[in-house]
Amino acid sequence: MSVLMTMRVSADADKLEREDHKLLEDIAIKAKRHGLISHHFYGSEEGVLVVDEWPDEQSFRRFFDSAPEIGGVMERAGAKSQPEFTIWRPLDTGDDVG
């Protein structure tokens with residue numbers, strides 16, 4: 001079963017939307033080579049949320065360790081805190097939809 005990785009950071013979502021889209025695409029391509037299944041950015045007044053689906057936690061960790069450029073992206077987005085990562089495993093509750 002795959003896992004979800006969430007990353008929350010206090011940053012400016014509007015600045016992130018103005019980031020170099022080519023750089024973000026290049027990071028996504030690198031992530032796909034490490035096994036990324038899906039990736040989404042979300043923004044609010046409080047900051048930025050990243051929601052990724054990965055085959056397993058180790059695949060995400062290998063990617064993240066190989067992508068120092070993410071730090072620059074977050075810095076340019078005005079990150080005011082270190083990102084908070086959480087790995088979520090699926091629960092077998094019998095009520096999944098979709």
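Values in this document were obtained by computation on a predicted structure and should not be read as measured data. Side-chain atoms are counted along with the backbone in the values below, which use heavy atoms only and exclude waters and symmetry mates.
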A.B. asks: Over all heavy atoms of both residues, which pair between Ala77 and Ala11 is shortest? Give the atoms and the distance, please.
C.D. replies: O-CB, 3.6 Å

A.B. asks: For Ser38, enumerate each residue passing the side chain to side chain donor-acceptor pair (under 3.5 Å) test, keeping only those at least two apart in sequence or located in another chain.
C.D. replies: none

A.B. asks: Tell me, which pairs form a salt bridge (Lys or Arg N to Asp or Glu O under 4.0 Å) where one or both residues lie in residues 22-40, sequence neighbours left out?
C.D. replies: Lys22-Asp26, Lys30-Glu69

A.B. asks: Taking only residues two or more places apart in sequence, or in another chain, which ones meet Ser2 in a side chain to side chain donor-acceptor pair (under 3.5 Å)?
C.D. replies: Glu53

A.B. asks: Tell me, which pairs form a side-chain hydrogen bond (donor to acceptor under 3.5 Å, both in side chains) where one or both residues lie in residues 12-21, sequence neighbours left out?
C.D. replies: Glu19-Arg76

A.B. asks: Kindly give the heavy-atom pair with the smallest separation between Ala13 and Gly43, and that separation in Å.
C.D. replies: CB-CA, 3.7 Å

A.B. asks: Using a 4.5 Å cut-off between side-chain heavy atoms of Ile, Leu, Val, Met, Phe, Trp and Tyr, which other residues end up in the same hydrophobic cluster as Met1?
C.D. replies: none

A.B. asks: Connecting only ILVMFWY residues whose side-chain heavy atoms lie within less than 4.5 Å of each other, what is the rest of Ile29's hydrophobic cluster?
C.D. replies: none

A.B. asks: In the hydrophobic clustering (ILVMFWY, side-chain contacts below 4.5 Å, transitive), which residues join Ile70, or is it alone?
C.D. replies: Val3, Met5, Met7, Val9, Leu16, Leu23, Leu24, Ile27, Leu36, Phe41, Val48, Val50, Trp54, Phe60, Phe63, Phe64, Val73, Met74, Phe85, Ile87

A.B. asks: Please list, chain by chain and in numerical order, all residues satisfying side-chain contact (heavy atoms from CB on, under 4.5 Å) with Ser44, sequence neighbours excluded.
C.D. replies: Glu46

A.B. asks: Over all heavy atoms of both residues, which pair between Asp52 and His40 is shortest? Give the atoms and the distance, please.
C.D. replies: OD1-N, 4.0 Å

A.B. asks: If you measure from CD1 on Ile37 to OG on Ser59, what distance do you get to the nearest 0.5 Å?
C.D. replies: 8.5 Å

A.B. asks: Applying salt bridge (Lys or Arg N to Asp or Glu O under 4.0 Å) as the test, list every pair that has at least one member in residues 56-65; sequence neighbours left out.
C.D. replies: Glu57-Arg61

A.B. asks: With sequence neighbours excluded, tell me which residues meet side chain to side chain donor-acceptor pair (under 3.5 Å) with Gln58.
C.D. replies: none

A.B. asks: When Ile, Leu, Val, Met, Phe, Trp and Tyr are grouped by side-chain heavy atoms lying under 4.5 Å apart, directly or through other members, which residues fall in the same group as Val97?
C.D. replies: none

A.B. asks: How would you list all residue pairs meeting side-chain hydrogen bond (donor to acceptor under 3.5 Å, both in side chains) that involve residues 77-90, not counting sequence neighbours?
C.D. replies: Thr6-Trp88

